[in-house]
Each structure stands twice: as C-alpha cells, then as structure tokens.
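Read the structure below first, then the notes.
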Amino acid sequence: MPRGPAHAGAPSEPGDPVPTPDWMTAEDWEAWCDATADLGDEPPDLGWDDEDDPGLAAGERVAWTAGFARGGDADGLPGGSALAFLADAAAGDDDRYAGATDGELDGAIAAWDRIEAHASARKHLAIAEFIRRNPEQGREPEDPDGMPARWDEFALDELRVLLAESKAAVERMMDRAHALARRLPGTMAQYRSGKLRQSKVTIIVDVTAPLDDEESKAAEEKVLSRAHRLTPSGLQHAVAQAVMEVAPEKAKKRREDATKDARVERWAEDSGNAALMGRELPPAEVLAADQRITAWAHELRKAGLDGDMDVLRARAYLDLLLGKDSRPQPGDGPAQEDVAPGGFAVRGNLTVPLADLIGMADRPGQLSGFGPIDPWLARDLAAAAARNPRTSWCVTPVDEDGHAAFHGCAQPEPKPRPESRSRDGPGFSFTLEKRDGPPGGLGTWRLRTPGPGPDLIVELYSLSTENCDHRFQAKGHNPGVKLRHLAQIRHATCVSPVCRRPASQCDFEHNVPYEAGGRTCLCNGGPKCRHDHRLKQQPRWNVEQLPDGTFRWTTPSGRDYITEPTRYPI
C-alpha cells in the first residue's frame, strides 16, 4: 500500500506504518495486514505510483477509484476489511466519489454490497459461537465442531436485550446462524465472501430446513454456482427444485404437514388500510381461486369500474368473499347482489418429467404461477388434466442443463386404431412411432394418457438456433401462434436478468428490430415484458441474442449480464 502522509513524529524506519488520525491507526494497520494475508506477498496494483499521496483531495482520489472499474483489482476482491478500506477511500469524506466514472461507481456499489454481506456473515458466525457457548441444558454438543442441536432456553433473551430486537427476529438470526454453521458450509462460505447477501442466504436456509446435514449440502451444491446471479424468486424456485430432487419424500411430507397450519391472517397496513391473506392452502385450489378473481375483475372492468387491474382484483376478491356485485348500477350505487360467475377450470402450464409419469422416477415438476411441486402432486395434477378432453399436451426434451433442446405439440391420432384408444386409469406411456420425424428432430412419438381420448402423436422439432435454418420464421412482424409458443418454451419468463414475468404476459421482441431488417424468427426474438422491451430500446443499453439462446445485456456502465434459457426439471 502507498505510504501515509508525513507528519511530525512519524516512524523513521522505511516500511513502518504511519498511524495518523486521517490515515491509519496501529490497530487499523494490523487489521489491514490480517485482512490481506491471503492476497499474496504483493498488494494489488490499483494504478498509483509509489510516490503518490493517496490523500482525500478530489484530484488525487482517481487512483483509488480506478480499482473499481470492470475487471479491476478491487472489483474482484471479496467482502472484508481490505475492500471496505478501499471503498471508503474511493468514496471520500463527502461520499461523492470524485473522479469516478459511471463504471467505477457501479463497481463501488457492488463492493459495498459484498462488504455488507461479509459483515452480516461475520455477525452470524459470532452468533454461531454464542450458540456453541450456550447449549441446551443437559444436552452436550454431538457435532465435532461443538455446535449443539439446540441452544439454551434463555440464550435468545440475552441477544434480544443486546440487540434491542424482537423475539421473532432474534430467533430467525439464531436459526440462520445455526443452520449455516451446521449444515450449509458452502452457503456460509459464499456469504462470508460477500457473494451472497442475507436475503438470499435466508431463502437457502428456510427452503432446505426439512433436510438433514448431508441432504442440505447436496441441495446447496445444485444451486450455489448460480445463486449469486439469480433473483430472490428465481433462487427460491431453484432451491425448492433442488430439495425435491434430493429428498422428494421429505418435500412431500413438509407440504402435507403444512396443511395442518392452514389459516387466514389479517393485519393493519401502515397506511391505515387492512390486509387479508390465506396461508398453506392447496395449490390447485389457490390457482383456481386466483383465476376466478381475475375473471371477475375483467367483468368489473367491462362494466366501467375505475382502477387498474390490481385495484380491480382486490375489489373482485372482496366481492367473491362477501357475495357482492361492485359493477356500476343505475341509481344510487352498486347493487348488493350475489355474484355467481360460471365455474372456472384451472388454466396454466404443468411441467412434469416424463420419468415421473411412467413411474420410473420421483422428480419435481413445475406449475405456472406457483413454482416447483413435488412428484406426487405433479402426478395427481397430470392425471386430473388427462381426464379433461380440453387439455393440450406438449413434450420438451432437454439437454444436460435442463434447457429445452427439442419440442413437440401433441395432436390426436388422425385415424386411431381401436387398440390405440387410451383407457381410464393411472397409466402414461411414450413410445417411438417412427424415426423419420422432422429434419434435425428426434422422430415421431406416441403419447398415451390415462384419459378417455385417443392416443396423441408428437413430432419433436429441434429448438437449436446454431446455424439457424429459419424454419419457424414468420413472414411479417407478428410471430404467429407457433413461433410465439416456441419462444415461450425456450424462455418461460421475460429474458431480462432480473424479471420473472411469465412469457405468456410478455411481448415477442425482435432483438434486431424488424424495421431494421431483423427476422421474425426464433434466432432473433424472445419474450420481454413491456418495461424491458422499452428498456432494451434505450440507446445506452445493449442486448445481444446469442446462438445458444442466451441473452447478453450490457448496462450503460459497460457491465454484462447473461440470461440463460429456462432450466426445466430433468
């Protein structure tokens, strides 16, 4: 590190620290040495000369901010006191980051995020040690690390007083610290390095709660390589799927046990209004109820009731609960009539591994608008769907990462043979009908469902856009039903790195604009919500669609973020 400013009484020996109030105290110097011990013998080159004075004058702070540029040494440092020291120096006394470019400021923000996560992790490590020193009375720790199964009854109260915090909040801290120390070492390592912040760590801790130590480690290994770049909802989805893959029976038991805790909660909002919420309800009934609310909200809109869709859904929710009709009526206000919209069948996408349906595996499925579901629920819903003749079926073979590689929409057999008619029962089957299917595809297959209808024929087409032959290209700007469907299969949500809006609610957006000669093809389009569609059109943003189906978003500061195709259950 560069020398501190000279002052009266400074050590005369070369290399000695200069413990001045505006530079480093002796304790600061020791902390710095400890924090940078793993960085090697040479400190990182942050762009200044040995003779530079890193004082806090604006003109001299450029050297401190340079390390936070994309790919700079400070940009890659883990959270800790070393990074905090550099970020603090770059900020300056006024926290205005004088001399920093937009990219360097982005790097500083990311650095503070890692520092914050590191500090939170260190607090939880201290709480873990507190738990070790306060085991439950009469139960000695069995863990080699000295971590007891539970802590003393009154240990929580000590921390409550210390932190002036609620019981529930301290309980969550202690549960989190205990789980990280005992069964999630990989998560704690990323937490301590600043790669994962507390909100994401909490998701991993909570969703893996039913698992034992070894199962927890197996589940975290499935998501940790990408956890840092997933949004909270995306991480929740990924961890839930990992838990179901590692211990499907436990996932099933947790869901079934939680139904005993079904309840309706109400509370006062900060605004003075009120809230009402159902918890631990059956997933299928919740989806049906949600769609019934939406349908009645559309009726209210047609009738001229004011408000956006959120307001109308809230009104519809209360109408259906209270038997009211809030549609504007002639006269003195809305009539208080019973509302009796017609029956609603659940509409949505149910994704189930074929191995589950034919009884060869117990792997999680996915339900649109809900997320991962355990294998038993997935099979039950698939069997229920098979009994409805209006159900449509698609087959999507995936690659080793779960990305859609082929796809086919099932069609009834044109001239079903008598023996090919499916019979009522639990059985599904999927057999190769003939190998001469679509060019580059996986042949033609027969799907038998337990419903009363005929067998279904599925031609599996390749979704690859490497050297795209544009077989799915539409002639005009509108992609049409098939191309839009295929784009939504490859990306089930908006292709923004941080948006989870379902693809069915997004625009089909041409990556190279249609007006500029861009094709209406799978190789030049994907789902973007209206906001991200408009964002992509901003001059300072850039989005590239790569041949493997990923999208590279470049922000105005020059940082890249990749969105990969949807990962389906394998």
Side-chain angles (χ1 to χ4, degrees), residues 347-358 360 365-366 368 382 385-386 388-423 427-475 478-492 503-504 508 519-527 547-549 565-570:
R347 293 180 58 82
N349 291 326
L350 170 66
T351 305
V352 189
L354 181 64
D356 280 10
L357 295 183
I358 61 179
M360 295 181 63
Q366 295 178 7
S368 62
N388 189 328
R390 299 179 63 184
T391 296
S392 59
W393 300 86
C394 293
V395 179
T396 307
V398 300
D399 62 20
E400 63 274 11
D401 295 317
H403 300 147
F406 300 87
H407 183 76
C409 297
Q411 301 293 330
E413 189 174 19
K415 296 180 180 180
R417 292 166 282 175
E419 68 274 13
S420 74
R421 289 189 61 83
S422 300
R423 295 170 295 182
F428 286 84
S429 66
F430 191 64
T431 55
L432 182 63
E433 184 72 3
K434 53 183 179 180
R435 297 189 180 278
D436 55 338
L442 286 183
T444 301
W445 296 72
R446 178 181 296 270
L447 173 63
R448 175 167 293 184
T449 72
D455 288 355
L456 303 170
I457 303 300
V458 186
E459 294 183 326
L460 294 176
Y461 290 86
S462 171
L463 293 182
S464 173
T465 53
E466 298 275 358
N467 303 313
C468 184
D469 60 8
H470 314 301
R471 72 181 63 184
F472 303 119
Q473 178 175 328
K475 293 182 179 179
N478 190 324
V481 174
K482 185 170 185 177
L483 178 56
R484 186 184 299 274
H485 174 67
L486 294 176
Q488 292 173 1
I489 290 297
R490 192 161 65 172
H491 290 274
S504 59
F508 178 92
R519 296 176 181 269
T520 306
C521 184
L522 198 60
C523 65
N524 185 50
D548 63 355
T566 295
R567 292 196 183 207
Y568 289 97
I570 298 177

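- At least one donor-acceptor pair under 3.5 Å links the side chain of Thr566 to the backbone N or O of Ala492.
- When atom types are taken as modelled, the side chain of Thr465 and the backbone of Pro547 share a donor-acceptor pair closer than 3.5 angstrom.
- Not one N or O on the side chain of Ser462 forms a donor-acceptor pair closer than 3.5 Å with the backbone of Gly441.
- Closest approach of Ala474 and Asn478 over heavy atoms only: CB-O, 3.4 Å.
- For the atom pair CG (Leu447) and CD (Gln411), the distance works out to 12.0 Å, reported to the nearest 0.5 Å.
- Once rounded to the nearest 0.5 Å, the distance linking NE2 of His470 with SG of Cys523 reads 5.0 Å.
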Task: Worked verdict on Cys409 versus Ser392 for side-chain contact (heavy atoms from CB on, under 4.5 Å) - done: CA-CA 8 Å; Cys409 297; Ser392 59; over 6 Å; no
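- Using modelled atom types, one side-chain atom of Tyr568 and one backbone atom of Ile489 make a donor-acceptor pair closer than 3.5 Å.
- For Asp548, the salt bridge (Lys or Arg N to Asp or Glu O under 4.0 Å) test picks out no residue, with sequence neighbours left out.
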Open item on the list: Between Leu460 and Val395, is the side-chain contact (heavy atoms from CB on, under 4.5 Å) condition met? List the steps.
Closed with: CA-CA 8 Å; Leu460 294 176; Val395 179; 4.1 Å; yes
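- Remark: aromatic rings of Phe430 and Trp393 are distant, center separation not under 6.0 Å.
- At a threshold of 4.5 Å between non-hydrogen side-chain atoms, the residues Leu486 and Leu463 count as touching.
- Minimum interatomic distance between Gly549 and Pro565 (heavy atoms only, all atoms of both residues): O-CG, 3.7 Å.
- In this structure the side chain of Phe508 reaches within 4.5 angstrom of the side chain of Arg484, judged on heavy atoms.
- For the atom pair Ile570 CD1 and Asp399 CG, the distance stands at 7.5 Å (nearest 0.5 Å).
- The neighbour count for Asp436 CG, taken as heavy atoms of other residues, nucleotides or ligands under 6.0 Å away, is above 12.
- Residues His485 and Cys394 form a side-chain contact, since some pair of their non-hydrogen atoms from C-beta on lies under 4.5 Å apart.
- Side-chain contact between Tyr461 and Arg471 is present, with at least one heavy-atom pair separated by less than 4.5 Å.
- The CD atom of Glu459 sits 11.0 Å away from the CD atom of Glu433 when rounded to the nearest 0.5 Å.
- Using modelled atom types and a 3.5 Å distance limit, the side chains of His407 and Thr396 yield a donor-acceptor pair.
- Counting all heavy atoms, side chain and backbone alike, Leu350 lies closest to Ala382 at CD2-N, 3.5 Å.
- For the pair Asp455 (side chain) and Arg448 (backbone), a donor-acceptor distance under 3.5 Å is absent.
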TODO: Determine, stepwise, if the pair His403 / Arg490 fulfils side-chain contact (heavy atoms from CB on, under 4.5 Å).
DONE: CA-CA 7 Å; His403 300 147; Arg490 192 161 65 172; over 6 Å; no
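- Residues Phe428 and Ala386 come closest through the heavy atom pair CZ-CB, 4.3 Å.
- Taking all atoms of both residues into account, the shortest heavy-atom contact from Leu522 to Leu483 is N-CD1, 3.6 Å.
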TODO: Tell me, with the steps shown, if Ile457 and Thr444 meet side-chain contact (heavy atoms from CB on, under 4.5 Å).
DONE: CA-CA 7 Å; Ile457 303 300; Thr444 301; 3.5 Å; yes
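- In this structure, Pro569 and Gln366 approach most closely via the heavy-atom pair CD-NE2, 3.4 Å.
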